[in-house]
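Working notes for the structure below.
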Amino acid sequence: MKLFYSPASPYVRKVMACAIARGIDGRIARLTSGTSEYQAGLQLANPLSKVPCLITDDGLSLFDSPVICEFLDTIGDALPMFPVSGGARWRALKQQAMGDGMMDACLIRRGEAGKPMDAGREDLHAKQAAKVARSLDALEIYLPHKVVDIGSITIVAALGYLDFRFAAEPWRPGHPILAAWYDEMMKDRCLAETAPPPV
Ligand SMILES: N[C@@H](CCC(=O)N[C@@H](CS)C(=O)NCC(=O)O)C(=O)O
């Protein structure tokens with residue numbers, strides 16, 4: 001398998017964390033943006049031109065991190081990252097949606113960074129920041145379980161991205177329970193080894 005990859009992408013982190021948790025990361029070659037294969041191939045493989053994008057051993061291109069992560073669950077015989085049924089499944093999928101939404105809001109703000117701050121842009125920043133703030137408050141109350149699954153992986157990826165790109169807006173104050181949960185989850189190899197690069 002080949003993965004269009006960026007070390008700074010929280011969505012790529014989700015994929016690599018799932019692959020490590022399932023013991024199949026060694027079967028994934030990483031294509032980084034400096035390579036000609038990446039430059040020539042990403043738009044063909046993913047018309048949206050976004051990472052992560054996985055090329056399977058059958059030559060199928062898959063994109064959007066939830067799709068890729070679910071595909072990885074079909075390979076190997078480790079415990080699934082997507083709980084199969086019941087409350088655990090819906091909790092994990094909901095947490096994945098929340099973590100992805102937090103990352104989406106952060107990326108919108110990043111995309112606007114450095115542009116002139118007119119009233120419309122200030123409103124956009126405030127609305128995106130509020131989505132993240134409300135999600136943090138909800139997570140402080142409805143803490144994810146201390147299990148590695150697609151829900152907790154995505155929430156950790158979102159929180160790690162806040163540390164990485166929004167260090168000037170620390171999320172830990174006011175969220176001590178979530179901060180302790182995060183520190184505990186970061187002890188897992190799949191999350192420790194995929195932490196964002198130093199700023
Ligand atoms: N929903 C997608 C989001 C992927 C995404 O936005 N990736 C960013 C990097 S973090 C990207 O490739 N952006 C380039 C672009 O939007 O052109 C997923 O879950 O994989």
Side-chain angles (χ1 to χ4, degrees), residues 1-22 24-25 28-56 60-75 80-82 89 91-115 121 124-125 127-129 131-132 135 139 144 148-167 169 171 190-191 193-199:
M1 291 178 281
K2 291 180 184 176
L3 182 69
F4 289 91
Y5 177 91
S6 159
S9 166
Y11 310 97
V12 169
R13 182 182 185 191
K14 283 175 63 185
V15 168
M16 289 311 301
C18 285
I20 292 170
R22 294 190 53 75
I24 55 174
D25 50 307
I28 300 177
R30 302 172 197 194
L31 305 177
T32 48
S33 61
T35 63
S36 53
E37 195 173 355
Y38 181 107
Q39 297 294 345
L42 180 59
Q43 287 181 14
L44 286 176
N46 179 358
L48 302 173
S49 188
K50 291 184 181 191
V51 294
C53 174
L54 183 81
I55 310 295
T56 71
L60 179 69
S61 71
L62 294 176
F63 43 86
D64 226 58
S65 56
V67 178
I68 300 172
C69 292
E70 196 158 354
F71 174 77
L72 296 181
D73 249 10
T74 67
I75 303 174
M81 293 297 102
F82 288 73
R89 176 171 176 77
R91 196 164 40 241
L93 291 182
K94 176 179 159 179
Q95 287 162 2
Q96 174 176 230
M98 186 183 281
D100 281 344
M102 292 168 75
M103 298 189 281
D104 293 346
C106 287
L107 258 82
I108 289 171
R109 287 185 69 196
R110 286 273 304 166
E112 293 293 306
K115 295 182 184 165
R121 207 158 264 138
L124 178 81
H125 274 272
K127 280 192 173 133
Q128 301 307 318
K131 289 176 198 288
V132 173
S135 301
L139 287 165
V148 173
D149 64 15
I150 192 59
S152 56
I153 284 173
T154 310
I155 297 295
V156 168
L159 296 175
Y161 193 71
L162 287 176
D163 284 340
F164 178 49
R165 292 297 194 205
F166 293 85
E169 300 171 29
W171 59 269
C190 77
L191 292 166
E193 288 187 4
T194 55
V199 184

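Along the sequence shown, residues carry numbers from 1. One-based numbering, in listed order, for ligands and for the atoms of each. Everything numeric here is computed off the predicted structure, so don't read it as measured data. These numbers come from the heavy atoms of this one structure, side chains and all, not from hydrogens, waters or symmetry mates.
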Inset, instruction - Decide if atom CD of Glu193 counts as having more than 12 heavy atoms of other residues, nucleotides or ligands within a radius under 6.0 Å. - result: yes

Legend entry - Heavy-atom side-chain proximity of Thr154 to Gln95 below 4.5 angstrom: no

Inset, instruction - Distance to 0.1 Å, residue and atom name: give those for the protein heavy atom nearest to atom 18 (C) of ligand 1. - result: Ser65 N, 3.3 Å

Legend entry - Proximity flag Ser49 to ligand 1, non-hydrogen atoms under 4.0 Å: yes

Legend entry - Protein contact to atom 16 (O) of ligand 1 [nearest heavy atom, distance to 0.1 Å]: Lys50 CE, 3.5 Å

Legend entry - Asp149 vs Arg91 side-chain heavy atoms within contact, under 4.5 Å: no

Inset, instruction - Report yes or no: does a heavy atom of Leu107 sit under 4.0 Å from some atom of ligand 1? - result: yes

Legend entry - Salt bridge present between Lys14 and Asp100 (N-O < 4.0 angstrom): yes

Legend entry - Backbone or side-chain N or O of Tyr11 under 3.5 Å from ligand 1 N or O: no

Legend entry - Pro66 touching ligand 1 at heavy-atom level, < 4.0 angstrom: yes

Legend entry - Interatomic distance, Ile155 atom CD1 to Ile150 atom CD1 [nearest 0.5 angstrom]: 10.5 Å

Legend entry - Side-chain touch Leu54/Ser61, heavy atoms, less than 4.5 angstrom: no

Inset, instruction - With heavy atoms of Ser9 as the reference, note each atom of ligand 1 found under 4.0 Å away. - result: 9 (C), 10 (S)

Legend entry - Residue Pro52 vicinity, atoms of ligand 1 by number, heavy atom under 4.0 Å: 20 (O)

Legend entry - Option passing side chain to side chain contact (heavy atoms under 4.5 Å, CB included) with Leu3 (candidates Ile55, Leu62, Ile28): Ile28

Legend entry - For atom 4 (C) of ligand 1, the option (of Asp64, Thr154, Val51) bearing the nearest heavy atom: Val51

